[in-house]
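What follows is a set of notes on a single structure, which appears directly below.
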Amino acid sequence: MGSTTDASRRDFMRTAAMSAAALAFSRNLKGDPPQNPVLDAAAHNGDSVNHEVVPWKVLPFPNHQVRLLDGIFKQEMGFNQAYLHQLPNDRLAHMFRLTAGLPSQAEPL
């Protein structure tokens with residue numbers, strides 16, 4: 001029998017993700033436009049690839065036009081905000097400082 005190596009699911013998923021990313025990256029390097037699988041399949045089968053342009057029915061709007069009225073979501077937002085205000089700023093900024101190459105004496109969260 002041939003030798004086998006012990007591979008975990010994590011190793012398998014890491015390898016699969018890196019393979020998919022490499023494939024996607026190599027396609028982008030060619031300068032090909034993004035593809036639509038449905039239109040590609042239709043073109044491959046020899047079908048005509050005509051589709052109509054549908055106008056937008058809903059348009060995005062700025063965030064300052066959104067208000068959260070009284071209710072459970074506003075109450076939960078208040079709880080989250082109160083919790084975040086309890087956390088020490090030095091501990092919140094610990095990893096940011098280390099990543100930026102700055103010293104940090106705080107214990108990470």
Side-chain angles (χ1 to χ4, degrees):
M1 268 195 153
S3 66
T4 60
T5 59
D6 293 333
S8 67
R9 282 185 243 160
R10 181 173 291 168
D11 292 335
F12 172 76
M13 293 302 291
R14 182 181 303 125
T15 304
M18 288 188 330
S19 299
L23 180 64
F25 185 69
S26 67
R27 286 185 180 168
N28 273 348
L29 288 178
K30 294 178 187 175
D32 296 335
Q35 301 297 316
N36 183 330
V38 174
L39 295 178
D40 289 344
H44 181 71
N45 292 336
D47 298 335
S48 65
V49 187
N50 295 331
H51 59 282
E52 64 177 314
V53 177
V54 179
W56 287 69
K57 291 190 178 193
V58 177
L59 297 175
F61 49 88
N63 284 337
H64 67 80
Q65 291 182 347
V66 178
R67 283 186 303 161
L68 193 56
L69 301 176
D70 289 333
I72 190 167
F73 297 113
K74 188 169 185 177
Q75 184 180 9
E76 292 296 325
M77 184 187 70
F79 291 147
N80 287 333
Q81 190 175 26
Y83 170 72
L84 289 173
H85 283 293
Q86 291 177 356
L87 298 175
N89 291 336
D90 288 338
R91 291 186 69 190
L92 284 171
H94 173 75
M95 290 306 297
F96 172 77
R97 288 181 178 150
L98 292 181
T99 304
L102 301 172
S104 176
Q105 300 299 322
E107 181 182 345
L109 288 174

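As the structure is a prediction and not an experimental result, all values here were calculated from the model.
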Partners passing side chain to side chain donor-acceptor pair (under 3.5 Å) against R14 (at least two apart in sequence or in another chain):
D11

Under 4.5 Å between side-chain heavy atoms, counting indirect links through other Ile/Leu/Val/Met/Phe/Trp/Tyr residues: same cluster for L109 and Y83 or not?
yes

Can you establish whether the number of heavy atoms outside I72 located under 6.0 Å from its atom CD1 is more than 12?
no

Taking a hydrophobic cluster as the set of Ile, Leu, Val, Met, Phe, Trp and Tyr residues connected by side-chain heavy atoms closer than 4.5 Å, whether directly or through intermediates, do L98 and L102 fall within one such cluster?
no

Heavy-atom nearest pair, K74 first then L69, reads CB-O, 3.5 Å

Using the side-chain hydrogen bond (donor to acceptor under 3.5 Å, both in side chains) rule, collect all pairs that involve residues 98-109, keeping only residues at least two apart or in two chains.
H94-S104

Using side-chain heavy atoms (C-beta onward) and a distance below 4.5 Å, is E76 in contact with F73?
no

Set of residues satisfying salt bridge (Lys or Arg N to Asp or Glu O under 4.0 Å) with respect to R91, sequence neighbours excluded:
none

L68 side, atom CG; Q75 side, atom CD - distance, nearest 0.5 Å
11.0 Å

Over 12 non-hydrogen atoms of neighbours within 6.0 angstrom of CG in N80:
yes

